[in-house]
Colleague: 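Dropping a structure here in structure tokens format, bear with me for questions.
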Amino acid sequence: MPGDPFKQRFVLDTSMFLTDEIRGDDESLQEALLDLLDLIAEARLRLGISCYVPPTIHDELTTMLADRNVDDEVFSKLNTWVIRKHPDRYEVSIPANVVYRFVDEMSDRVDRGLRVAEDAVRRAEATSDEPVEDHEHMTDADQIVSDLRDKYRSALRRGVLDSREDFDLLVLGRELGAGVVTEDRGIIAWTEDFGLRYLRGREFPDLLREYLRAVEEIDESGTDAN
């Protein structure tokens, strides 16, 4: 049938639902999500395109959406059109090189984190307990601790697989041979090692629209030919 070439599977990350890039001008998060989920539904019904999330991602996403007070309609459409599936962690094979790179990278990041901590200690030795200018409830030491947290988090976590959600996303993508849709640069960096294709979350709605438009043109040309 004409729609067969468009049949694909995608695994969706939390970040693609929450990025401002999927919103139109003056469009609320609620409106953007409903538009996106309607596109996913139409692509499923007309093209056989399937969208998946691991349960860990689903739980993370629904918690964040609840905190943002979205309506029940969003949850209903999410649960209807986005398939929850556990990744098969026992059967999916991961190249040894991926594990080797992860261990090597974490060792390097621990060293970077240690240097950040050492720098904070040296700065703390030269400080007083006087309040920071314009922050009467924060001392110099408090400011150093705050800076340490930010720099330490950046050194150890940015661009690395640091959660079960990220790992489940990649394993499920490998299991299904699916494209990974995310705005997370760390996940994007690891798709190459997992042998996965990826798409930025901001590009996904336009991709679905283009597929649907192409199928409409194929259907119309078939009708004209008859």
Side-chain angles (χ1 to χ4, degrees), residues 1-66 68-88 92 165 168-184 187-188 191 196-226:
M1 60 181 289
D4 282 345
F6 297 95
K7 283 188 177 180
Q8 294 190 51
R9 291 172 171 176
F10 293 96
V11 179
L12 311 181
D13 181 34
T14 300
S15 61
M16 77 140 296
F17 289 94
L18 300 180
T19 178
D20 290 340
E21 300 295 336
I22 67 168
R23 302 192 203 181
D25 294 339
D26 299 323
E27 189 176 36
S28 68
L29 174 63
Q30 165 100 7
E31 292 167 339
L33 289 174
L34 290 175
D35 287 345
L36 171 63
L37 292 167
D38 284 342
L39 273 174
I40 290 173
E42 188 175 1
R44 175 73 181 276
L45 294 173
R46 297 188 58 195
L47 307 178
I49 291 175
S50 300
C51 293
Y52 294 79
V53 291
T56 49
I57 292 284
H58 182 272
D59 292 346
E60 177 184 65
L61 174 61
T62 52
T63 297
M64 290 183 175
L65 294 180
R68 288 162 172 78
N69 298 316
V70 301
D71 290 347
D72 289 342
E73 184 181 5
V74 172
F75 294 100
S76 177
K77 291 190 175 188
L78 177 68
N79 293 331
T80 299
W81 299 111
V82 179
I83 303 164
R84 274 174 280 180
K85 184 185 183 307
H86 288 283
D88 192 341
V92 175
E165 291 82 6
D168 280 349
L169 187 80
L170 292 166
V171 173
L172 185 58
R174 187 172 175 87
E175 176 187 346
L176 299 174
V180 172
V181 185
T182 183
E183 284 287 325
D184 188 314
I187 293 174
I188 290 172
T191 54
L196 299 172
R197 69 189 193 281
Y198 76 89
L199 188 71
R200 297 292 294 268
R202 68 191 69 181
E203 300 166 347
F204 190 56
D206 285 340
L207 176 78
L208 296 182
R209 291 187 187 101
E210 188 63 21
Y211 280 173
L212 290 164
R213 183 194 61 77
V215 167
E216 286 177 1
E217 290 182 355
I218 291 172
D219 289 344
E220 288 174 0
S221 63
T223 300
D224 292 341
N226 291 333

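Only this structure's heavy atoms are used, side chains among them; waters, hydrogens and symmetry mates stay out.
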Colleague: Do Arg200 side-chain atoms and Met16 backbone N/O form a donor-acceptor pair below 3.5 Å?
Modeller: no
Colleague: Within a strict 4.5 Å, meaning less than it, do heavy atoms of the Leu212 and Leu39 side chains meet?
Modeller: yes
Colleague: Any side-chain heavy atom of Ile57 sitting closer than 4.5 Å to one from Leu12?
Modeller: no
Colleague: Taking ring-ring contact (aromatic ring centres under 6.0 Å, His included) as the test, write out the residues that go with Tyr198, two or more places apart.
Modeller: none
Colleague: Side chains of Arg46 and Val215: closer than 4.5 Å at any heavy-atom pair?
Modeller: yes
Colleague: Taking all atoms of both residues into account, what is the closest heavy-atom pair of Pro87 and Val171, and its distance?
Modeller: CB-CG1, 3.8 Å
Colleague: Could you list the residues that satisfy side chain to side chain contact (heavy atoms under 4.5 Å, CB included) with Ser15, not counting sequence neighbours?
Modeller: Asp13, Thr182, Glu183, Asp184
Colleague: For the CD atom of Glu217 and the CZ atom of Arg213, what is their distance to the nearest 0.5 Å?
Modeller: 4.0 Å
Colleague: Can you list every salt bridge (Lys or Arg N to Asp or Glu O under 4.0 Å) pair that touches residues 22-34, not counting sequence neighbours?
Modeller: Asp20-Arg23
Colleague: If we only count heavy atoms from C-beta on, is the Leu196 to Leu170 side-chain gap below 4.5 Å?
Modeller: yes
Colleague: Sequence neighbours left out, what passes side chain to side chain donor-acceptor pair (under 3.5 Å) with Asp59? Give chain and number order.
Modeller: none
Colleague: Are Met64 and Leu18 close enough, and set up right, to give a side-chain contact (heavy atoms from CB on, under 4.5 Å), and what steps lead you there?
Modeller: CA-CA 9 Å; Met64 290 183 175; Leu18 300 180; 3.4 Å; yes
Colleague: Measure the spacing between CG of Leu199 and CZ of Phe204 and express it to the nearest 0.5 Å.
Modeller: 7.0 Å
Colleague: When rounded to the nearest 0.5 angstrom, what is the spacing between CG in Asp168 and NE2 in His58?
Modeller: 14.0 Å
Colleague: Would you name the heavy atoms of Pro205 and Ile22 that are closest together and state the gap between them?
Modeller: CG-CG2, 4.3 Å
Colleague: Which residue in the set Val11, Leu78, Val82, Thr62 passes side-chain contact (heavy atoms from CB on, under 4.5 Å) when paired with Val53?
Modeller: Val82
Colleague: Identify, with sequence neighbours excluded, every residue that meets side chain to side chain donor-acceptor pair (under 3.5 Å) alongside Gln30.
Modeller: Asp71
Colleague: Go through the structure and list residues passing side chain to side chain contact (heavy atoms under 4.5 Å, CB included) with Arg9, not counting sequence neighbours.
Modeller: Ser50, Tyr52, Leu176, Ala178
Colleague: Sorted by first residue and then second, give each salt bridge (Lys or Arg N to Asp or Glu O under 4.0 Å) pair with at least one member in residues 72-88; sequence neighbours left out.
Modeller: Asp38-Lys77, Glu73-Lys77, Lys85-Glu175
Colleague: For Glu203, enumerate each residue passing the salt bridge (Lys or Arg N to Asp or Glu O under 4.0 Å) test, keeping only those at least two apart in sequence or located in another chain.
Modeller: none
Colleague: I would like to know whether Leu33 and Leu65 meet side-chain contact (heavy atoms from CB on, under 4.5 Å); could you show each step before the answer?
Modeller: CA-CA 10 Å; Leu33 289 174; Leu65 294 180; 3.6 Å; yes
Colleague: Holding to ring-ring contact (aromatic ring centres under 6.0 Å, His included), I want the full list of residues that pass it with Phe17, two or more places apart in sequence or in another chain.
Modeller: none
Colleague: Please name all residues satisfying side chain to side chain donor-acceptor pair (under 3.5 Å) with Arg209, sequence neighbours left out, ordered by chain then number.
Modeller: Asp206
Colleague: Kindly indicate whether the side chain of His86, heavy atoms from C-beta on, has any atom under 4.5 Å from the side chain of Pro55.
Modeller: yes
Colleague: Rounded at 0.5 Å granularity, tell me how far OG1 in Thr19 sits from CG in Leu29.
Modeller: 10.5 Å
Colleague: What closest approach, in Å, do Leu208 and Ala43 show between heavy atoms, and which atom pair accounts for it?
Modeller: CD2-CB, 4.1 Å
Colleague: In Å and rounded to the nearest 0.5 Å, what is the CH2 to CD distance from Trp81 to Glu42?
Modeller: 10.5 Å
